[in-house]
Amino acid sequence: MTDTGFDARFEPGQADARWQKAWDEAKCFVADSNSPKPKSYVLEMFPYPSGRIHIGHVRNYTMGDVLARYKKMRGHEVLHPMGWDAFGMPAENAAMEKGVHPGGWTRDNIANMKAQLKRIGFALDWTREFATCDPEYYGHEQALFIDMFKAGLVYRKESEVNWDPVDQTVLANEQVIDGKGWRSGAQIEKRKLSQWFLKITDFAEELLEGLGELENWPDKVRLMQENWIGKSQGLQLKFALSDGQSVEVYSTRPDTIFGASFIAVAADHPIAQGVAADNSAAQAFVEKCKAGGTTAAELETAEKLGFDTGITAVHPITGADLPVYIANFVLMDYGTGAVMGVPGHDQRDFEFSTKYGLPILRVVAADKTAADAPITEAEAGDGVLVNSAFLNGKTVNEAKALIVSRAEDENWGEGKTVWRLRDWGVSRQRYWGTPIPFIHCDTCGVVPAPKESLPIELPEDVDFQTPGNPLVRHPTWKHVECPSCGGQAERETDTLDTFTNSSWYFLRFASQPEDRPFDPEEVAKWLPVEQYIGGIEHAILHLLYARFWTRALKHTGHIDVAEPFGSLFTQGMVTHETYSRSAPEDGRISYFTPSEVERSADSATLKSDGSAVDVGRVIKMSKSKKNVVDPDEIIASYGADAVRWFMLSDSPPERDLPWSEAGIEGCSRFVHRLWRLFGQFDADAQGRDKALDRKTHQTIAAVAEDIEALSFNKAVARLYELTGATEKATPSESRNEAIRSILLMSSPMMPHLAEEAWSKLDGDGLAAMAAWPDVDPALLVDDEVTIAIQHKGKLRDTLTVAKGLPKDQMEELALASEKVQRSLDGAEVRKIIVVPDRLVNIVT
RNA sequence: GCGGGCGUGGUGGAAUUGGUAGACGCGCGGGAUUCAAAAUCCCGUUCCGAGAGGAGUGCGGGUUCGAUUCCCGCCGCCCGCACCA
């Protein structure tokens, strides 16, 4: 055997850094938009610079990296960029807790995390890196925001926030715990502020329609967005009130109008406000509704409460009087802020009616004879109308249409399309975000900042020792001349929701001119993103906002792309079991990190004292439960390739990946096993090995398919199989070809190992630039197949037969089987089902 | 509460479109090598059963010659719910 110069062991400690440097120097991963090659834009959701790369990031970026490297091997010009979603609350929290500046804290974090990413060997085009907190980025965002304003997509309106009366500050939903401020513990109030909104509802129809074209998005994400947009057809109808006014309600079930037993309005509905003005009990109830959380989840899980206003509404058909309630579960933002309560056929209305003793009527039943069946829970299903005068016997859909046309004829209501989607409130009363580029002038009103004045940069000299927004307190920052009249005016002190930063960053990656947000021609070259990868937690908000911005920018003439992400993949979380002990005195639980614990197959002990700890469930890694592993530590122990391989193996990428020490060790063993196999390349070997050739080519085709489908776990399993088969084979040209193919196929996944072996085997240039191995189609098909012989649906025997064997011969062979005859035991054969190349099922 | 998803050995999972359940990895058991260990290699490993055979994909039903796959009803866990990113 020729000496290939392989060292006894692969040393990731030395090889990793060496090859990372080589890729940098060769500018391997810098994307060239002028290249004639087909273009692939591979993008993973960029991270928030929290300080350390999390193992979940590693998984996300490894998947993208494999695809990017694979595409390159297939001859594509690949854009695989990275940047930082750098605005957000954690930086302000750090500023408050540690007295550091949010900007400095963020930039330090970015430097650390970038170094971590580099150590994993990602094929990223770092020349396009930016952070959203760079004035060069958010200045362009300000310009885009002004353009949207000019296009009529931006407006201001009153909207509620969580107000902490002690800290005198606005809190995010996650900072409100059980209705109390997270720091102050004070009862949170809802307070109305004038805030900025983007008219995403103008695009509701388009965003809904567009989902139909996103064939390479997971169905679940499309469905979630569809439900979120929530298009519904219903009836908006007017009820005359006993106090001489009227109330408009919206219902998606107008067919159940004969079952209405009350009207309910939101606490901030004008009718509720009117009643509260001169009724202290009503006032108290409205106040009560204002306390507590603003989130939909809280509203809907809260006990359904109502206040009887004493006003009654006249049923437009029966003329009956219905009581009007103020209710805590009615949302002012949806429909008209008032509903008709039909307890028989809506669960919330049912609970409400049960509580307040209101009549519960059946107006829909399975059939006419069930008209008087008692109602024990709300029945929202289909059926025929009963107890409903002229609607009796009609189906739900027929009844809906009849009621709408009658309402329109008689002029008390009209059919209407209503969307659940609300306009996007982008105002944040915080420092660390994009300043909203507007100026408030007493004379001219709210005017956009001149484009020449952009970027409007955040002031550096701010203090976080006093609660509230530092931009408001800053001595000079907000004072400016009105661009319109030149008089004294003030800057807007609200900043933009950080979701706006992530709504167009993928365009900035595609091109980065200084004087414009992006170059439309470059955008046209790269967009849509060929493969976007990120967490399922972004299924609705981020992805919908990014789709909206893209469409809005098309509308304003900036670009000619409607959908930013051609193909979407949502990956699962990385999980780990937890280690804890509860203190005997007070039962307080303290958690331990995996590195503090010695874990064997059936026990877990704390390294420091050698006694047992409790092993908890496998859950998402979180700092509070300490079930985290640090990428740096494991890379130092096992090398980048073992970590990358672990990220790809076993668990399907869309599912959660449980981290385990044993698993990473297994991966590390495989890295070294491959190294040994690569070292067995024998330049003097002669002859072909037909079976191995077939296996090699089948694997190349299958791995390519798996990578393109992002089924990395399957690609990994196939590489294990081929590795096993190759190890067992005797030296031959075929075996050398198998080794070379394994090397190239493993290159996107374990690039450092591949590069090291490639150089030893005198490969041309860098493995990262090599081509994917070719497949001989003739070797893909087997000429024999194993078929199953079943009797009564149970497996009795298997036979190896020539592929494409005619049905009657398969049947004959099946009946000839001794095992089958024993199972049949002389029973009469009634039917034989034959599936070519698969099975024969004998029915007796 | 509402919307969406997931559930297969000790364990992560595989299984064309309804067609041999458990590929491949981890762990575990046995063996080889070694002064010894590490590393490596070989064999075995769903459960019950000596075997023949039987049972088995969260639970309970259904459709089918045949169901992990399709349908209905439950249970458990996870994600989102508009100011976390």
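Within every chain, numbering begins at 1; the chains are lettered A, B, ... in the order of the sequence lines, protein sequences first and strands thereafter.
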Problem set entry | Separation of atom NE2 in A:His791 from atom P in B:rG53, rounded to whole Å | 13 Å
For this session: Assess A:Lys157 against A:Phe197: is NZ or CZ under 6.0 Å from the centre of the six-membered ring, and within 45 degrees of the ring's axis?
Result: yes
Exercise. So what does A:His672 hit on the nucleic acid, given a heavy-atom distance under 4.0 Å: a base, only sugar-phosphate, or nothing?
Worked result: nothing
Problem set entry | C1' gap between B:rC75 and B:rG27, integer Å | 30 Å
Exercise. Considering only the P atoms, how many Å lie between B:rG73 and B:rG80, rounded to the nearest integer?
Worked result: 27 Å
Exercise. When all nucleic acid strands are considered with a 4.0 Å heavy-atom cut-off, which category describes A:Ser50: base, sugar-phosphate, or nothing?
Worked result: nothing
Exercise. For A:Arg669, which contact category applies under a 4.0 Å heavy-atom criterion: base, sugar-phosphate, or nothing?
Worked result: sugar-phosphate
For this session: To the nearest Å, give me how far apart CG (A:Leu719) and P (B:rG13) are.
Result: 20 Å
Problem set entry | Close aromatic pair by centroid cut-off 6.0 Å: A:Trp504 and A:Tyr137 | yes
For this session: Write down the distance separating the P atoms in B:rG30 and B:rC78, rounded off to the nearest Å.
Result: 38 Å
Problem set entry | Close side-chain approach of A:Met224 and A:Ile536, heavy atoms under 4.5 Å | yes
Exercise. In whole Å, what separates the C1' atom of B:rA55 from that of B:rG22?
Worked result: 15 Å
Problem set entry | Sugar-phosphate, base or nothing in reach of A:Gly425, heavy atoms under 4.0 Å | sugar-phosphate
For this session: Assess whether one donor atom and one acceptor atom, taken from the side chain of A:Gln195 and the base of B:rC83, lie less than 3.5 Å apart.
Result: yes
Exercise. Between A:Thr786 and B:rU20, is there a side-chain N or O to OP1/OP2 distance below 4.0 Å?
Worked result: no
Problem set entry | Phosphate contact (B:rG53 OP1 or OP2) by A:Arg822 side-chain N/O below 4.0 Å | yes
Exercise. Which part of the nucleic acid, if any, lies within contact of A:Ser651, taking any heavy atom under 4.0 Å across all strands shown: a base, the sugar-phosphate backbone alone, or nothing?
Worked result: sugar-phosphate
For this session: Report yes if a donor N or O on one partner sits less than 3.5 Å from an acceptor N or O on the other, where the partners are the side chain of A:Asn227 and the base of B:rG3; otherwise report no.
Result: no
For this session: Name the nucleic acid region contacted by A:Val716, choosing base, sugar-phosphate or nothing; use a 4.0 angstrom heavy-atom cut-off, strictly under.
Result: nothing
Problem set entry | N or O in side chain of A:Arg796 less than 4.0 angstrom from B:rG66 OP1/OP2 | no
Exercise. With a 4.0 Å cut-off on heavy atoms, is A:Glu654 in touch with a base, just the backbone sugar-phosphate, or nothing at all?
Worked result: nothing
Seminar exercise, completed: The Watson-Crick or G-U wobble partner of B:rA39, with both key distances under 3.5 Å, is none
Exercise. Taking the six-membered ring for Trp, are A:Phe678 and A:Phe10 ring centroids under 6.0 Å apart?
Worked result: no
For this session: Quote, to the nearest angstrom, the P distance that separates B:rU63 from B:rU68.
Result: 16 Å
Exercise. B:rG3 pairs with which nucleotide, Watson-Crick or G-U wobble, both distances below 3.5 Å?
Worked result: B:rC79
For this session: Look at all strands and tell whether A:Ala539 reaches a base, only sugar-phosphate, or nothing, counting heavy atoms closer than 4.0 Å.
Result: nothing
For this session: Compare side-chain N and O positions of A:Lys794 against OP1 and OP2 of B:rA55 and report whether any pair is under 4.0 Å apart.
Result: yes
Problem set entry | Conformer about C1'-N of B:rG58 - syn within 90° of 0, anti elsewhere | anti
Exercise. Just how far, in rounded Å, is C1' of B:rC24 from CD of A:Glu721?
Worked result: 6 Å
Exercise. Using 4.0 Å as the upper bound for N to carboxylate O, is an ion pair formed by A:Asp167 and A:Arg183?
Worked result: no
For this session: Select base, sugar-phosphate, or nothing to describe what A:Arg430 touches, counting heavy atoms under 4.0 Å on all strands.
Result: base
For this session: Kindly indicate whether the side chain of A:Gln175 and the base of B:rC84 share any N or O donor-acceptor pair separated by less than 3.5 Å?
Result: no
For this session: May I ask which nucleotide in the shown strands pairs with B:rA14, Watson-Crick or G-U wobble, both distances under 3.5 Å?
Result: none
For this session: For B:rC70 and B:rG25, measure between their P atoms and round to the nearest Å.
Result: 29 Å
Exercise. Contact class for A:Val161 vs. all strands (heavy atom < 4.0 Å): base, sugar-phosphate, or nothing?
Worked result: base
Problem set entry | Distance test, side-chain N/O of A:Asn713 to OP1/OP2 of B:rC24, below 4.0 Å | no
Exercise. Would one find a side-chain N or O of A:Arg655 under 4.0 angstrom from OP1 or OP2 of B:rA14?
Worked result: yes
For this session: Could you tell me how the ring of A:His538 sits relative to the ring of A:His542: parallel (under 30°), tilted (30 to 60°) or perpendicular (over 60°)?
Result: perpendicular
Exercise. Below 4.0 angstrom from OP1 or OP2 of B:rG80, is there any side-chain N or O of A:Lys220?
Worked result: no
Exercise. Paired with B:rG60: which nucleotide, if any, by Watson-Crick or G-U wobble criteria at under 3.5 Å for both distances?
Worked result: B:rC72
Exercise. Heavy atoms under 4.0 Å, any strand shown: does A:Pro47 hit a base, just sugar-phosphate, or nothing?
Worked result: nothing
Problem set entry | Heavy-atom side-chain proximity of A:Thr106 to A:Phe87 below 4.5 angstrom | no
Exercise. Looking only at heavy atoms, what is the nearest atom pair of A:Leu824 and A:Ile842, with distance?
Worked result: CD2-CG2, 3.9 Å
For this session: Using the P atom as the reference point in each nucleotide, state the distance between B:rC26 and B:rG44 in Å, no decimals.
Result: 16 Å
Exercise. Applying a 3.5 Å limit to both distances, which nucleotide forms a Watson-Crick or G-U wobble pair with B:rC28?
Worked result: B:rG44
Problem set entry | Touch class at under 4.0 angstrom, heavy-atom based, for A:Gln225 against every strand present | nothing
